[in-house]
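Numbers here simply count residues along the sequence, with the first being 1.
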Amino acid sequence: MPATINPRIVLIDDDPRLLAATARLIAAWGYRCETFTDGRAALTAMAADPPALLLVDIYMPDLDGFEVIARMRLIAPGTRIIAISGDIVRGHPTHVLAVSEQLGVDATIQKPLRPEQLRTLLGQLCAPASTA
């Protein structure tokens, strides 16, 4: 009988500490997690092997999350996408998560990330293989 493989999640964020901490949580919950600090590199990898789910920060240098989302919808329309952002600039909401919803993301998460909220969304959008 072939081994069941848990769903692969790609996480893109330019904050290396947040990236590492979030990846550890995702792996602990039974998912395979691949991380990138650069949207271009992530898109190249995902074009060759689309993940089940993409978690993408909106505010990133060079290629922002909006562009990553738009390109991912063309590359792999079936990949589920969660947009993440602090959504605050100089203490004021920017509504970037609402804009990302217009681009067709499946869910949004406000930073700072709450582990229980993230775990619930992952379970809804991309359940890991049963360990039973």
Side-chain angles (χ1 to χ4, degrees):
M1 175 191 289
T4 303
I5 298 174
N6 287 347
R8 179 170 147 257
I9 295 173
V10 169
L11 174 59
I12 310 169
D13 198 307
D14 60 322
D15 180 338
R17 289 182 295 171
L18 178 66
L19 193 70
T22 306
R24 279 192 302 273
L25 280 174
I26 292 169
W29 295 330
Y31 301 93
R32 294 180 298 133
C33 186
E34 189 173 346
T35 62
F36 294 89
T37 57
D38 174 88
R40 290 184 198 286
L43 284 166
T44 299
M46 291 186 295
D49 183 18
L53 182 96
L54 167 62
L55 277 157
V56 61
D57 185 28
I58 297 300
Y59 290 123
M60 294 186 294
D62 193 31
L63 191 67
D64 67 25
F66 295 131
E67 187 65 27
V68 171
I69 292 164
R71 291 185 189 185
M72 195 60 198
R73 283 294 177 227
L74 296 173
I75 292 169
T79 293
R80 309 303 289 270
I81 301 175
I82 299 174
I84 56 177
S85 180
D87 200 21
I88 304 268
V89 173
R90 295 188 184 106
H92 301 286
T94 63
H95 308 290
V96 297
L97 293 176
V99 172
S100 65
E101 289 174 349
Q102 294 173 353
L103 291 173
V105 299
D106 297 287
T108 60
I109 298 179
Q110 179 83 33
K111 287 181 182 179
L113 299 177
R114 293 190 334 263
E116 64 281 354
Q117 179 189 24
L118 178 59
R119 188 173 190 176
T120 297
L121 278 175
L122 295 182
Q124 292 170 350
L125 298 174
C126 180
S130 172
T131 57

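- Note that CZ of Arg119 is 7.5 Å distant from OH of Tyr31, once rounded to the nearest 0.5 Å.
- For the pair Ala83 and Val105, the tightest heavy-atom approach, listed with the atom from each and the gap, is CB-CG1, 4.1 Å.
- Between Pro51 and Thr79, the closest heavy-atom pair is O-OG1, 2.9 Å.
- Of the options Ile81, Thr35, Leu118, Leu121, a side chain to side chain contact (heavy atoms under 4.5 Å, CB included) to Leu55 is made by Leu118 and by none of the others.
- Of the residues Val68, Leu43, Leu11, Ile9, the one that meets the side chain to side chain contact (heavy atoms under 4.5 Å, CB included) test with Leu54 is Val68.
- Partner of Ile84 under the side chain to side chain contact (heavy atoms under 4.5 Å, CB included) criterion, chosen from Leu113, Leu97, Ile58: Leu113.
- Screening residues 46-57 for salt bridge (charged side-chain N to carboxylate O under 4.0 Å, His left out), with sequence neighbours left out, gives Arg8-Asp49, Asp57-Lys111.
- Partners of Arg40 according to the salt bridge (Lys or Arg N to Asp or Glu O under 4.0 Å) rule, which considers only residues two or more places apart in sequence or in another chain, are Asp62.
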Using the side chain to side chain contact (heavy atoms under 4.5 Å, CB included) rule, take Ile12 and Met46 through it: C-alpha gap first, then chi angles, then the decisive distance, then the call.
CA-CA 11 Å; Ile12 310 169; Met46 291 186 295; 4.2 Å; yes
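- Between Arg73 atom CZ and Leu103 atom CG the span is 9.5 Å, to the nearest 0.5 Å.
- Shown here are the salt bridge (Lys or Arg N to Asp or Glu O under 4.0 Å) partners of Arg80, two or more places apart in sequence or in another chain: Asp106.
- Atoms OG and CZ, on Ser85 and Phe66 in that order, are 7.5 Å from each other to the nearest 0.5 Å.
- If you take CG on Leu122 and CD1 on Ile109, they are separated by 7.0 Å, rounding to the nearest 0.5 Å.
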Mind listing the side-chain donor-acceptor pairs of residues 14-28 below 3.5 Å, one per line with the distance, residues two or more places apart or on another chain?
from	atom 1	to	atom 2	distance (Å)
Asp15	OD1	Arg17	N	3.0
Asp15	OD1	Leu18	N	3.2
Thr22	OG1	Leu18	O	2.8

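- Under the salt bridge (Lys or Arg N to Asp or Glu O under 4.0 Å) criterion, Glu67 pairs with Arg71, sequence neighbours left out.
- The minimum heavy-atom distance between Ala45 and Phe36, with the atom names listed, is CB-CZ, 3.6 Å.
- Residues passing the salt bridge (Lys or Arg N to Asp or Glu O under 4.0 Å) test with Arg114, sequence neighbours excluded: Glu116.
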